[in-house]
Amino acid sequence: MAALGRDGQNRITDYAVEFYRTSTRELLFTLEAQKETEFRDRYGYDDTVLDDQGIRLLGSGDGWYVYLSVPQSAPADQFEDKSQELRYQRMYQDFLRLCDSQSWALTFAQGDDAVYPALPIPVEPGAETRAAFAQVLRNLTGSGILPDGTQLEPWALPADFSENSFAVADVDGDGKEELILYFVTSDTAGMQGAILGYDQDRAEVHIQLIGFPSMEFYENGAVKVLYSHNQIGGALWPYTLYTYQPQGDIYQPEAIVYSWEKRIRPTNDAGQPFPDQLDRSKTGVIYYVEPDGWDDSNPMDQEDYLTWEAEALEGSAQLTLPFVPLTEENIAALET
């Protein structure tokens with residue numbers, strides 16, 4: 001077992017996970033955790049030039065830094081685009097959650113010490129449902145038609161669809177399988193995530209939710225859809241929380257959620273200073289839960305935000321879905 005924790009007994013000097021593009025084996029990015037002293041020895045003390053070195057500092061705590069690095073072969077002016085392109089990578093999101101949690105307990109274990117993910121409750125697969133889902137996937141790979149009906153231009157068709165992914169699971173808790181599709185082989189504006197259900201009475205697939213292909217699913221049926229960009233620069237990546245509505249078999253938006261981090265933005269766009277009086281937890285971050293859009297009308301302390309989140313998610317765990325690459329082999333497996 002290896003761990004990064006608060007006990008001061010760490011025996012490793014750093015930790016890194018490299019991500020490669022499946023089709024070309026191109027190194028996309030590396031997520032690293034390193035002791036602060038060694039990070040500074042390696043990259044210096046001027047954080048304003050980290051981007052030029054292909055480094056994006058994600059967080060720090062207890063003498064450790066967690067950061068993303070992009071290969072030096074990527075032009076410096078493309079670093080932001082490159083990091084945004086990688087937003088849909090689930091491991092990247094896990095590292096961001098590690099930073100947000102401030103627990104700094106990244107642990108790898110086997111046997112009795114292992115922590116196993118929460119999985120969707122298994123349901124009986126329906127042959128008719130899966131055949132319909134397979135047709136949706138083939139409409140994309142064969143004809144370039146996205147689930148919402150968007151027809152991709154010929155120049156926008158990817159040479160390799162396997163960098164996209166899908167999963168079939170009961171994510172809303174209605175006892176039936178849904179199709180979750182992440183189409184990411186596009187520029188950011190063209191990426192699409194979809195949750196699709198099947199109506200057996202009408203014998204048709206219908207859309208439950210369309211959003212950016214960076215979603216978090218929870219045991220109570222709620223879904224967080226993360227935004228493609230974090231223009232605000234807050235510690236919390238902006239998202240919209242959706243709840244499942246069984247009467248229409250759709251998802252309903254409940255609130256846009258984002259944060260304001262004083263370290264990054266001492267003043268807001270209107271020139272108003274960070275409201276220290278609202279930051280009772282003294283984290284340097286306040287949170288917004290806005291049912292009516294980005295109107296900054298409901299600022300709250302971290303403790304209040306965590307209470308709201310726990311109530312909205314009903315204390316449920318985040319689900320790990322069985323995503324597979326979008327290939328004909330995997331599509332055909334749905335029909336067997």
Side-chain angles (χ1 to χ4, degrees), residues 4 6 31-37 39-40 43-69 79-80 83-84 86-87 92-106 212 214 216 224-241 254-313:
L4 297 177
R6 291 183 178 275
L31 288 165
E32 300 188 51
Q34 192 172 47
K35 288 184 177 179
E36 179 179 358
T37 54
F39 177 88
R40 290 306 182 185
Y43 296 110
Y45 287 83
D46 185 358
D47 289 350
T48 63
V49 300
L50 288 178
D51 275 10
D52 295 336
Q53 301 179 68
I55 300 299
R56 176 60 48 85
L57 188 61
L58 301 180
S60 61
D62 289 338
W64 286 87
Y65 280 176
V66 175
Y67 60 97
L68 176 149
S69 63
F79 180 77
E80 183 64 28
S83 62
Q84 293 294 347
L86 301 170
R87 278 292 308 145
Y92 184 24
Q93 296 169 21
D94 290 341
F95 265 67
L96 289 177
R97 282 192 292 273
L98 171 69
C99 298
D100 289 341
S101 71
Q102 299 181 357
S103 64
W104 300 95
L106 178 62
F212 190 69
S214 183
E216 297 179 1
K224 291 181 180 180
V225 180
L226 281 67
Y227 280 75
S228 61
H229 295 74
N230 185 3
Q231 266 100 345
I232 299 176
L236 178 72
W237 198 274
Y239 67 87
T240 298
L241 179 71
E254 298 294 337
I256 295 174
V257 183
Y258 53 99
S259 66
W260 177 0
E261 186 172 0
K262 181 179 181 179
R263 178 180 62 87
I264 297 176
R265 297 175 67 230
T267 61
N268 63 15
D269 292 339
Q272 298 170 328
F274 180 85
D276 291 295
Q277 71 279 7
L278 299 179
D279 181 22
R280 301 192 315 275
S281 300
K282 305 303 179 184
T283 61
V285 181
I286 59 171
Y287 297 79
Y288 295 89
V289 177
E290 304 294 350
D292 300 320
W294 300 77
D295 58 7
D296 296 351
S297 63
N298 188 29
M300 60 178 65
D301 176 67
Q302 182 183 74
E303 181 179 353
D304 296 331
Y305 163 69
L306 294 176
T307 298
W308 171 87
E309 181 188 42
E311 292 176 352
L313 300 178

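Computation of the quantities below employed the complete heavy-atom set of this structure, encompassing side-chain atoms and omitting hydrogens, waters and symmetry-equivalent molecules. Since we're looking at a predicted model, the values are computed, not measured.
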Checklist outcome for this item: The salt bridge (Lys or Arg N to Asp or Glu O under 4.0 Å) partners of R280 (sequence neighbours excluded) come to D301, D304
Item to check | Passing candidate, side chain to side chain donor-acceptor pair (under 3.5 Å) with R265, options D269, T267, N268 | outcome: D269
Checklist entry - Under a 4.5 Å cut-off applied to non-hydrogen side-chain atoms, are V289 and M300 in contact? => result yes
Item to check | Straight-line distance of R40 CZ to Y45 OH, nearest 0.5 Å | outcome: 7.0 Å
Checklist entry - Who pairs with Y288 by ring-ring contact (aromatic ring centres under 6.0 Å, His included), at least two apart in sequence or on another chain? => result Y258
Checklist outcome for this item: Residues I256 and G293: closest non-hydrogen pair is CD1-CA, 3.8 Å
Next on the checklist: Ignoring hydrogens, what is the shortest heavy-atom contact between W260 and Q272? Give both atom names and the distance.
Outcome noted: CH2-O, 3.5 Å
Next on the checklist: Quick one, T240 and Y227 - any side-chain contact, counting heavy atoms below 4.5 Å?
Outcome noted: yes
Checklist outcome for this item: One should read off an interatomic distance between Y305 OH and S281 OG, to the nearest 0.5 angstrom, of 13.5 Å
Next on the checklist: Quick check: do I286 and F274 have side-chain heavy atoms less than 4.5 Å from each other?
Outcome noted: yes
Item to check | P238 side chain reached by W294 side chain, heavy atoms, under 4.5 Å | outcome: yes
Item to check | Steps toward side-chain contact (heavy atoms from CB on, under 4.5 Å) verdict (D276, K262) | outcome: CA-CA 9 Å; D276 291 295; K262 181 179 181 179; 3.0 Å; yes
Item to check | Heavy-atom side-chain proximity of V257 to L236 below 4.5 angstrom | outcome: yes
Next on the checklist: Working to the nearest 0.5 angstrom, can you tell me the gap between W308 CH2 and N298 CG?
Outcome noted: 10.0 Å
